[in-house]
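This report concerns only the one structure given below.
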Amino acid sequence: MPLYVLKRVGLALVTLVLLSLIIFFAGQVLPGNAGRAILGPFASQQAVIALDHKLGVDRPLIVQYWSWATGILRGNLGMSYQQQAPVSSFIFPYIGRSLKLAAFAFVIVVPLSILGGIIAALNRGRAVDRILSTTSLSLSTVPEFVSGVVLIVVFALGFKVLPVSANAPPGSSFITQLKYLILPAIPLVFILFGYIARMARAGTIEALDSDYVRTATLKGLPRWVVIRRHVLRNSLLPTITVIATQTGYLIGGLVVVEKLFVYPGIGTLIINAANDKDFPTLEAGVLFIGMVYLAATLIADVIYTVLNPRIRLGKAE
Amino acid sequence: MSEHIDPAAAPVTSRATSDPAGTLTAGAAGALDVSVGRVRREQLHQLVRSKAFIVGSVILLWWIVCAIFGASFAPYNATTANILNTQLAPSAAHWFGTNDVGEDVLSRVIVGARDILEIAPLATLLGTVLGTTIGLAQGYLRGAFDMLVGRIVDAALSLPIVIVAFLFVVAVGASTITLIVVIGFVFSLIIARTVRTAVLQERELDYLAAARLRDESVPHVMFVEILPNVLGPILVEFTVRLGYAIFTIATLSFLGFGVQLPTPDWGADIAINSNYLAAGYWWETLFPALAIASLVIAINLIGDSIEAVLIQ
């Protein structure tokens, strides 16, 4: 088992290096001349060359990648072109606000979607199942900003029960802050609900069809005991993996939701950096999203291994 | 890809055991065509009877009509600003109201179908062709190539698709061609994964052993022997990806890196008009949003029913 975890960590590190190469390629190589991009088409050639030299983008690509990558390992995320300050000096509050919104959506969606999946599975083929499955699937295919717009129009403008923006007035209480985060969180919940509920439903149905559940029912255990002790323990295992992989997408969906609700998180930071052609900030933000995703999948794999006695006690591979 | 069996090269044993009548490929392909043809007709009947498929098709057809002929039946010119008629609420003259520069929202919604319905299918097609080729090569060749591509796919997919596409569109600048190429390329990685899995299942089957014994060239085996047998999953993947392509394009437009103004576009319109939501001007944002939702849901209804019919 430790060998498996070690192997898994190694694989994640290889993926991370490749990911950093992709981001570096997109952020540093494709945009062409950084100095020209910043100074605009009317700047003199000397000024562009001087700025290129100052930014270090006139060095060979390998050297640039090496200093960028090793810099990140030392906590140096690069200098923001726009802010004229180290990216690490301002990025963390943005990350913090995004994590707050993501965590809130997560806390809502996980119990809700697992419950939805189980209810659908227990009513397999009936109207409840069909309605739950179709609605959740439709909701998860609609972009976050589309459902967000509908929610704003209905709940903020129509019923006037929730605020339009995500930003609570400074100094407001925790509960008030949460109230401002409800509308932005729901589009994220919509996207994730479908995936997690579908997985929970499939797992529950598989467990319901198993021999051990039939045995448990036949030996006279009450239905809810069968469900709690025999069905759920087995059905939720694959769901955990899906929840973790979806965490990465949750962070991605934030970009869109933050723009719609004008919420100063990592997504807003990335979009602004993209508009300003501030590639160091953009790269740092995107790399952060990738790292969250990789960490989430890694944790999911490890949890799965630890919880599943068939893998834990069996031979590795 | 025109190589057919060379009688001299074809090993006698394989012919004797599996195909006494000779012309192995022609015979096998003929039989396959007949069965595939019959199944397809039955499946088509089943598809046409499915309610989800009909609803999805009707909505999609409406948007296709809007994309092609929209400009000719839209009530107003979609890009004619009118500073005397800004931010008008929906009325008999303007069913969906007007926006901040006085353009008719209904007309913009109708004409706005064009770009997304042009880019999404092209990007998906590019992704499917490219992804199928990569996946076939990965699954059939295996080895170092499979490993290397697999790692790159994993790395690229460790970011949400929208973010990957966003990163590249920002780097090279937004244009219709950029969107098609970037989304097509990103999708090809996902499609390659699906095709690879399907190919791995085919790999151990007898017809491939036979093809190998006949010494067929690698492209011939990949595209003539394997491809027809993995078309099902590829078709399903295509419809699923088409839905995601629309999702991705709309999102990129919303983020400001898709179709550029003043071209009417649902995502871009929502991005601009949502600034006026707090002031109560809901129509100019809500109607493009509903348009995107209806298109995405329609494509998913079609995709789901195709999948239900194909995978039984």
Side-chain angles (χ1 to χ4, degrees), chain A residues 11-12 14-23 25-32 134 137-138 140-150 152-153 156-158 163-165 248-253 255-256 259-260 262 267 270-271 273-275 277 279 282-283 286 289-291 293-294 297, chain B residues 52 148 151-164 166-173 182 240 243-244 246-251 254-257 266-267 270-271 273-275 277-283 285-297 299-301 303-304:
Chain A
L11 215 58
V14 173
T15 314
L16 186 61
V17 171
L18 275 171
L19 176 68
S20 73
L21 275 169
I22 293 174
I23 293 175
F25 178 76
Q28 225 107 330
V29 181
L30 285 183
T134 318
L137 212 61
S138 302
S140 65
T141 57
V142 173
E144 296 91 343
F145 67 93
V146 171
S147 50
V149 163
V150 177
I152 290 179
V153 170
L157 302 177
V164 176
S165 119
Y249 288 97
L250 183 71
I251 304 279
V255 177
V256 174
K259 177 171 161 71
L260 181 65
V262 206
I270 289 176
I271 297 167
N275 277 321
K277 302 225 177 287
F279 287 101
L282 179 65
E283 287 164 2
V286 173
I289 293 177
M291 278 162 67
Y293 180 84
L294 280 177
T297 17
Chain B
L148 183 70
R151 285 289 96 206
I152 295 174
V153 169
D154 275 357
L157 297 187
S158 62
L159 287 171
I161 302 301
V162 169
I163 304 281
V164 183
F166 171 74
L167 192 61
F168 280 90
V169 169
V170 170
V172 288
V182 167
V240 172
Y244 278 108
I246 289 176
F247 188 118
T248 311
I249 294 162
T251 302
F254 172 72
L255 294 178
F257 297 92
W266 300 336
I270 293 173
N273 298 335
S274 63
N275 294 328
L277 263 179
Y281 303 129
W282 52 268
W283 50 88
T285 308
L286 182 66
F287 291 116
L290 293 179
I292 294 177
S294 72
L295 180 60
V296 180
I297 290 174
I299 293 202
N300 279 285
L301 286 176
D304 283 353

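In this text, all values refer to a predicted model and were calculated from it rather than measured experimentally. Every chain is numbered from 1 and lettered A, B, ... according to where its sequence line falls, protein lines coming before strand lines.
With a 4.5 angstrom heavy-atom cutoff, A:Leu260 touches chain B via backbone and side-chain atoms both. For A:Val286, the parts lying under 4.5 angstrom from a heavy atom of chain B are both the backbone and the side chain. In this structure, chain B has heavy atoms under 4.5 Å from both the backbone and the side chain of A:Val150. For A:Leu282, the part sitting under 4.5 Å from any heavy atom of chain B is the side chain, from C-beta outward, and nothing else. At a 4.5 Å heavy-atom cutoff, the contact between A:Val146 and chain B is made by backbone and side-chain atoms alike. Interface remark: A:Ile23 contributes backbone and side-chain atoms alike to the contact with chain B (heavy atom separation under 4.5 Å).
With contacts defined as side-chain heavy-atom distances shorter than 4.5 Å, the pair A:Phe279/B:Val170 qualifies. For the pair B:Leu277 and A:Val153, the minimum side-chain heavy-atom distance is below 4.5 Å. The shortest side-chain heavy-atom distance between B:Asn300 and A:Leu137 does not fall under the 4.5 Å cut-off.
Atom OG1 of A:Thr134 and atom CD1 of B:Ile297 lie 11.0 Å apart (nearest 0.5 Å). Summarising the geometry, atom CD1 belonging to A:Ile22 is positioned 9.5 Å from atom CG belonging to B:Leu167; distances are rounded to the nearest 0.5 Å.
Minimum interatomic distance between A:Ile271 and B:Leu255 (heavy atoms only, all atoms of both residues): CD1-CD2, 3.5 Å. Closest non-hydrogen pair, A:Asn275 versus B:Phe257, comes out as OD1-CZ, 3.3 Å. Scanning both residues, B:Gly280 and A:Leu157, for their nearest heavy atoms gives CA-CD2, 4.4 Å.
Ring planes of A:Phe145 and B:Phe254: parallel class, angle under 30° (limits at 30 and 60°).
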